[in-house]
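Below: one structure, written as structure tokens.
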Amino acid sequence: MAGHSKWANIQHRKGRQDEKRGKIWTRVIREIMVAARAGGGDLSANPRLRLAVDKAKAANMPADTIKRNIDKATGNLEGVSYEEIRYEGYGIGGAAIIVDTVTDNRVRTVAEVRHAFSKYGGNLGTEGSVAFQFKHVGQLVFAPGTPEDTVFEVALEAGADDVVADDEGAIEVLTPPAAFEAVRAALEAAGFEPAAAEVTWRAENTIELAGEDAERMQKLLDVLEDLDDVQEVFHNASL
């Protein structure tokens, strides 16, 4: 089954993240603290925390920094209390946007998110206004040239829902969130290292934007992603 250029989108996203590398540690630390507070500090019993720690290691975060923040979240050290809040809205051309935040001050966060939407051509919606356009999935993306038949066989055997090849030959493996770790482990054991691997919100359909509309949408996304309390921004625009 062929899909849009997921590989191009992944590369584009990685490039923009590299430009903002200084913020990665802050966001990963918040994710570690929220995951540890919600599910405990034992990595073997807390898949979300395990994924957050993987992100931290990929960002070259020292082990003692990781442990210190897990201890803060589980009450072994004094620390800030964070909460998760999701915002939904519309961008340029009616594109759907989900903004996941982790904050210690919800009044500040909603004001900043609302201001970004209104100033850069979007509209902040109500809870549930766009979430139905996305599906919560585990997603693993493999570079063009990866043998699709073998990935397909290993992934489905391990519990994946679907394997999709895009226009450039990249392979996208989709899993239920609960099966993400098992599928990832099976593929890595078979010698396939993903270029990207996460549990995410995947748009069911995309809206094509070009020219000035694409530039305006990218500006809105950049402003949202640059907010201190924002962890992730998901959208259904193809830029």
Side-chain angles (χ1 to χ4, degrees), residues 9-10 12-14 16-17 19-39 48-49 51-52 55 59 69 73 79-139 174 177 180 196 198-209 213-239:
N9 289 342
I10 289 289
H12 177 72
R13 182 179 171 193
K14 276 183 171 292
R16 302 196 78 86
Q17 286 177 338
E19 295 170 9
K20 304 170 183 177
R21 186 60 60 190
K23 288 202 165 192
I24 297 298
W25 276 28
T26 301
R27 290 180 176 177
V28 170
I29 285 171
R30 290 186 181 187
E31 173 63 16
I32 285 172
M33 293 184 72
V34 169
R37 189 182 69 177
R48 181 177 175 183
L49 178 60
L51 189 57
K55 290 180 182 178
N69 285 285
V80 178
S81 178
Y82 291 108
E83 64 176 320
E84 297 177 280
I85 308 173
R86 166 166 294 161
Y87 300 98
E88 302 177 35
Y90 292 93
I92 310 307
I97 301 175
I98 291 176
V99 182
D100 279 350
T101 69
V102 173
T103 180
D104 60 351
N105 184 332
R106 63 164 55 221
V107 174
R108 177 192 67 223
T109 304
V110 69
E112 291 179 345
V113 171
R114 181 179 288 115
H115 176 72
F117 270 100
S118 62
K119 183 174 181 179
Y120 294 96
N123 291 289
L124 184 61
T126 57
E127 182 179 352
S129 58
V130 305
F132 67 93
Q133 299 183 52
F134 296 80
K135 185 177 181 181
H136 197 210
V137 298
Q139 179 191 61
L174 301 174
F180 171 78
E198 61 186 341
V199 177
T200 186
W201 288 90
R202 184 179 187 272
E204 298 277 52
N205 296 288
T206 58
I207 292 179
E208 302 283 339
L209 295 177
D213 283 347
E215 292 176 8
R216 291 173 63 212
M217 182 66 177
Q218 188 64 67
K219 178 63 177 178
L220 171 58
L221 295 173
D222 285 345
V223 170
L224 287 168
E225 289 173 352
D226 280 342
L227 295 178
D228 288 341
D229 297 332
V230 170
Q231 291 290 102
E232 295 276 2
V233 176
F234 308 101
H235 62 89
N236 68 346
S238 178
L239 304 175

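Heavy atoms only, all atoms of each residue included: Tyr82 and Arg30 are closest at CE2-NE, 3.8 Å. In plain terms, the two heavy atoms of Met217 and Ala237 that are nearest each other are CE-CB, 3.9 Å. What you find for Leu220 and Gly91 is that their closest heavy atoms are CD2-CA, 3.8 Å. Closest approach of Val199 to Pro177, counting heavy atoms only: CG1-CB, 4.1 Å.
Rounding to the nearest 0.5 angstrom, the gap separating the NZ atom in Lys55 from the CD1 atom in Ile32 is 10.0 Å. The line from CG of Leu239 to CD1 of Ile92 is 10.5 Å long, rounded to the nearest 0.5 Å. Rounding to the nearest 0.5 Å gives a distance of 8.0 Å between OG1 of Thr101 and CD of Gln231. Distance CD/Glu232 to CD1/Ile98: 11.5 Å, rounded to 0.5 Å.
Side-chain contact annotation: Ser238 with Thr206, donor-acceptor N/O pair under 3.5 Å absent.
Residues satisfying the side chain to side chain donor-acceptor pair (under 3.5 Å) criterion with Gln133, sequence neighbours excluded, are Asn236. By the salt bridge (charged side-chain N to carboxylate O under 4.0 Å, His left out) test, Asp213 pairs with Arg216, sequence neighbours left out. A search for side chain to side chain contact (heavy atoms under 4.5 Å, CB included) contacts involving Ala38 returns nothing, not counting sequence neighbours. Here Glu84 pairs with Arg48 under the side chain to side chain donor-acceptor pair (under 3.5 Å) rule; sequence neighbours left out.
Listed by first and then second residue, the ring-ring contact (aromatic ring centres under 6.0 Å, His included) pairs involving residues 83-138 are His136-Trp201 (not counting sequence neighbours). Pairs passing the salt bridge (charged side-chain N to carboxylate O under 4.0 Å, His left out) check and including a residue from residues 90-108, sequence neighbours excluded, read Glu83-Arg106, Arg86-Asp100, Asp104-Arg108, Arg108-Asp229.
At most 12 non-hydrogen atoms from other residues, nucleotides or ligands lie less than 6.0 angstrom from CD of Glu127.
The main-chain N or O of Ala131 is found under 3.5 Å from a side-chain atom of Glu88 such that the two form a donor-acceptor pair. Side chain of Arg202 to main chain of Val137: no donor-acceptor pair is present (N/O by atom type, distance under 3.5 Å, no hydrogens or angles).
Looking at Asp222, Val223, Leu227, Ile97 one by one, the single match for side-chain contact (heavy atoms from CB on, under 4.5 Å) with Val233 turns out to be Ile97.
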